[in-house]
Structures are given as C-alpha cells and as structure tokens.
Amino acid sequence: MKDCREKLLKDLEVMLEQKLDDYTNAIIKILANYEIIERSTEIIPVDNENERILKRYAACLSIDGKSKGTIYQYIRSCKRLVETVNKPFTEMGAYDVRFYLALEKERGNSNVSIENQRANLSAFFQWLTDEELIPKNPITKIKPIKCKDEIKLPFSDIELDELRSACKTKKERAIIELLLSSGIRVSELTEMKIKDINFSTLAVHVVNGKGDKERMTYTTEVSAKHLTNYLNDKPIGENLFYNKNNQVLEPGGVRYILNTLAKRAGVENVHPHRFRRTFATNLAKRGMDIQDIQALLGHSNIETTMSYVCIDNEKVKSAYRKYIV
C-alpha cells in the first residue's frame, strides 16, 4: 500500500507554489481527502527482526571488506533511525526517513552530518532491496542534502609546536609524530604492530587499511626517535599502542588523548584526520606528485586525495605569475 503521506506532501507542495490569498482554506480542502489521527509517542517494542537484519547487514559489510569504523557508522545510522521511528525496517518509507532527518536537523546536526546519515541509510535500504527484503529503496525519493563547501585547514606550524609542547607523556608525543609523518588513519594506528615499522628504513607497513588494502608509507627520524622512547617503557605485546590498562588502544582512546592535548595547548579542532590532511598538504607544498601522495594515503580515487590538499593562496598566486605570459 502506498504511503499516503507522500501524496499529502506533494499536494501541499503544489498548493504552496501557488499565489493564494487564503492558504488556510486551501489546506482544509486538501486535508478533507485524508483521515488524520494523532501520532502516538508511546514506545512500542519492535521484535528482534531489526536486530537480526542489522547483524546480517554488518556481516555482509565485513565480507565486502569494509573497515570496522565504516561498519560502525552504517550500523549507528540504522540504530538511530529505528530509535526515532520505532518500527520494523521493512515497513519504513521515505516519510519515516524524512521525519528522522528533520529531527536530526532540530537536534543541531550540520547538513554535512545529516547528508552522511542519508547516504548511510540509502546504502542500507539498497542492501535491503538487493536482498529482496523490501520491494524498492525508499530513499531514492529523498534528494541529497546540499552542504556548503568548507575549507578544512591543516595544522599551522605554530599549532603543531603548541601541541608538541603540551605533550606530557612519551606516548602522546609518539602518537602525534607518527600521525603527522605517516598520514595513517586512526584505525590503522591502533591496529599497527611493532613489526610493521622498519626503524632502519623508516618504512611503515599498513596491513589493515580501509577495505583491507595493504600499502607502504614512511615516517621520519624524529618520529622514529619518539616511538623508540615510548617503546622502551610500553607494556610487553605485539601491538604498537596500549592504554593505561595495558589493553590495545582503541580509536576512541586516541581521540581522547588528542582532545586532552588540544585543551592543554589551546588548539581547536584537533582530531586524527586533521593530521592526515596536514601530512598531505605539507607534501604537496614541497612539490610531491599528487599520485605519490595518493599512494601514501591509500586512496583509490585521486579526487579524494585532492580534497585533502589545502594549497596556500599565495603559492597559487606565485605559480600564476610564473607561468602567465
């Protein structure tokens, strides 16, 4: 049965496009074609079908080579949707997803965050369609949310100096130096083993990259020095980083360390990915070919690499002056 809410929305959109003197009467005429009841806010238990579907979806994502972080984000979006809408996934329509996204907007989430939610849910409902659990993907009716292009700046030299000065432990310094010098992701940092770093050649073997791809990147002598200092005091184990409880450090633990450093240093917007962007930008400024930067970052699409690189306007201006006839 077609969701009549979709038809109601279209009727209202057509009405609003007209220049009318009395919108109230026009709305009353439209609503006369519908029987309206108040939505109940009482929480109704949904059976275990949703949970079974999510477990099956997570397993398929894992088989497809998605990283743990990516799987977590997809499943998180689905769980937030069902917590808001409170009905089986197989009975949800475009209106339900629009309702959820509208609430996310009211909760203060940015358009970028909401668009990510829409994309995650679209992938999920497309999977439901491919698995023949629903007849078609309802989110194809929802247009992508327009997001303002924001320039994501790398760390300045001063900000990096402030962060380095704020380090109180060998582990903190080792983490920021490795992130900055190698361009690895936070998940790659936490899954890294000691054997993955060759302290003689400064080569870094990334074996658990996004999509289970392996690649080589490199670190610096400064980074290797701070890593060695940390390793002399670290717990015995094959992994590179551990937390205070001698358990393997998780991505959330790295973010907590960086947030603590940010507060000490008085530097805003400190997170693992910003070190990765700084790594790419610094290499580009020094003249490295964009394809080589792409290989170091492990990107399959060069456009993704280009979006990481923030070129200084003065450098562009200088290059223009150099080549203009």
Is atom OH of Y242 surrounded by more than 12 heavy atoms (other residues, nucleotides or ligands) closer than 6.0 Å?
-> yes

Full working for side-chain contact (heavy atoms from CB on, under 4.5 Å) between L261 and I175 | CA-CA 11 Å; L261 274 175; I175 286 174; over 6 Å; no

Nearest 0.5 Å, what's the CZ-CG distance between F199 and L231?
-> 5.0 Å

Taking all atoms of both residues into account, what is the closest heavy-atom pair of A284 and I293, and its distance?
-> N-CD1, 3.7 Å

For T190 and P251, which heavy atoms make the closest approach, and how far apart are they?
-> CG2-N, 3.6 Å

If Ile, Leu, Val, Met, Phe, Trp and Tyr residues are connected whenever their side-chain heavy atoms lie under 4.5 Å apart, and connections chain through other members, are V222 and L283 in the same group?
-> no

Taking the side chain as C-beta and beyond, is there a heavy-atom pair between L163 and F275 under 4.5 Å?
-> yes

Got a second to check how far R107's CZ is from S113's OG, nearest 0.5 Å?
-> 11.0 Å

Just how far is it from atom CG of L81 to atom CG of L103, taken to the nearest 0.5 Å?
-> 10.5 Å

Provide the full list of salt bridge (Lys or Arg N to Asp or Glu O under 4.0 Å) pairs with a residue in residues 257-269, sequence neighbours left out, each pair given once.
-> E172-R264

What side-chain hydrogen bond (donor to acceptor under 3.5 Å, both in side chains) pairs are there with at least one residue in residues 293-308, not counting sequence neighbours?
-> H273-Y308, R276-H299, H299-T305

Are there more than 12 heavy atoms of other residues, nucleotides or ligands under 6.0 Å from atom CG of D157?
-> no

Dump the intermediate steps for side-chain contact (heavy atoms from CB on, under 4.5 Å) on I142 and Y95, then the final yes or no.
-> CA-CA 9 Å; I142 303 175; Y95 181 87; over 6 Å; no

Who pairs with D292 by side-chain hydrogen bond (donor to acceptor under 3.5 Å, both in side chains), at least two apart in sequence or on another chain?
-> none

Ignoring hydrogens and geometry, is there a side-chain-to-backbone donor-acceptor pair from T70 to K66 under 3.5 Å?
-> no

Short side-chain to backbone donor-acceptor contact, Q126 and A123, under 3.5 Å | no

Does the side chain of M92 reach to within under 4.5 Å of the side chain of K87, using non-hydrogen atoms?
-> yes

Looking at side-chain heavy atoms only, is the closest gap between I290 and V309 below 4.5 Å?
-> yes

Under 3.5 Å, is there a donor-acceptor pair between the side chain of T281 and the main chain of T278?
-> no

Answer with yes or no whether the hydrophobic clustering places I75 together with Y100; edges join I, L, V, M, F, W, Y residues whose side-chain heavy atoms lie under 4.5 Å apart.
-> yes

Not counting sequence neighbours, which residues clear salt bridge (Lys or Arg N to Asp or Glu O under 4.0 Å) with K105? List them please.
-> none

Test item: L240 and L178 side chains (from C-beta on) under 4.5 Å apart, heavy atoms = yes

Taking C-beta and beyond as the side chain, do I53 and L128 meet within less than 4.5 Å on heavy atoms?
-> yes

Residue set satisfying salt bridge (Lys or Arg N to Asp or Glu O under 4.0 Å) with E131, at least two apart, ordered chain then number -> R56

N243 versus V248, closest heavy-atom pair with distance | ND2-O, 4.4 Å

Residue pair L180, R164: steps toward the side-chain contact (heavy atoms from CB on, under 4.5 Å) verdict | CA-CA 11 Å; L180 182 64; R164 288 179 171 119; 3.2 Å; yes

In short, ring pair (Phe, Tyr, Trp, His ring centres under 6.0 Å) pairs touching residues 165-197 with sequence neighbours left out are none

In terms of side-chain geometry, is the basic nitrogen of K225 or E221 positioned less than 4.0 Å from the acidic oxygen of its partner?
-> no

Distance in Å, N269 CG paired with L153 CG, rounded so as to fall on 0.5 Å steps = 9.0 Å

Between R274 and E159, does at least one N-O distance fall below 4.0 Å, as a salt bridge requires?
-> yes

Sequence neighbours left out, what passes side chain to side chain contact (heavy atoms under 4.5 Å, CB included) with T217? Give chain and number order.
-> S182, I184, V204, V206, F279, L296

So which pairs with a foot in residues 247-262 pass side-chain hydrogen bond (donor to acceptor under 3.5 Å, both in side chains), sequence neighbours left out?
-> none

Any pair counted as salt bridge (Lys or Arg N to Asp or Glu O under 4.0 Å), so long as it reaches residues 111-124, sequence neighbours left out | E115-R118

Roughly how far, to the nearest 0.5 Å, is CG of N116 from CD1 of I145?
-> 9.5 Å

Has the side chain of T84 got a donor or acceptor atom that lies under 3.5 Å from a matching backbone atom of R80?
-> yes

Please answer whether the main-chain N or O of E51 pairs with a side-chain N or O of N48 as donor and acceptor at a distance below 3.5 Å.
-> no

Does the pair E83/K79 count as a salt bridge with the N-to-O cut at 4.0 Å?
-> no

Are V97 and I134 linked, directly or through other ILVMFWY residues, by side chains that come within less than 4.5 angstrom of each other?
-> yes

Indicate yes or no: at least one non-hydrogen side-chain atom of L160 is less than 4.5 angstrom from one of V267.
-> no

Should Y74 and L121 count as side-chain neighbours, where that means a heavy-atom distance under 4.5 Å?
-> no

Does the side-chain contact (heavy atoms from CB on, under 4.5 Å) test come out yes or no for L202 and I197, once each step is laid out?
-> CA-CA 7 Å; L202 302 179; I197 299 179; over 6 Å; no

Can you name the nearest heavy-atom pair linking N50 to P88, along with the distance?
-> OD1-CA, 3.4 Å

Only counting residues at least two apart or in another chain, list the ones meeting side-chain hydrogen bond (donor to acceptor under 3.5 Å, both in side chains) with N109.
-> E104

Any donor-acceptor pair under 3.5 Å from S77 side chain to Q117 backbone = no

Nearest atoms (heavy-atom pairs only) where L297 meets G183 = CD2-O, 3.8 Å

Residue set satisfying side chain to side chain contact (heavy atoms under 4.5 Å, CB included) with D196, at least two apart, ordered chain then number -> M192, K193, H205, V207

Option among D233, T228, N229 that satisfies the side-chain hydrogen bond (donor to acceptor under 3.5 Å, both in side chains) test with K170 = D233

Student check: side-chain heavy atoms of R277 and N282 closer than 4.5 Å | no

Report yes or no: does N137 contribute a side-chain atom to a donor-acceptor pair with the main-chain N or O of I139 at less than 3.5 Å?
-> yes

Quick one: CZ on R173 to OG1 on T169, what's the gap to the nearest 0.5 Å?
-> 11.0 Å

Check: T220 main-chain N/O paired with S223 side-chain donor or acceptor under 3.5 Å = no

May I have all residue pairs that pass ring pair (Phe, Tyr, Trp, His ring centres under 6.0 Å) and include part of residues 119-143, sequence neighbours excluded?
-> Y57-F124, Y57-W127, F89-F124

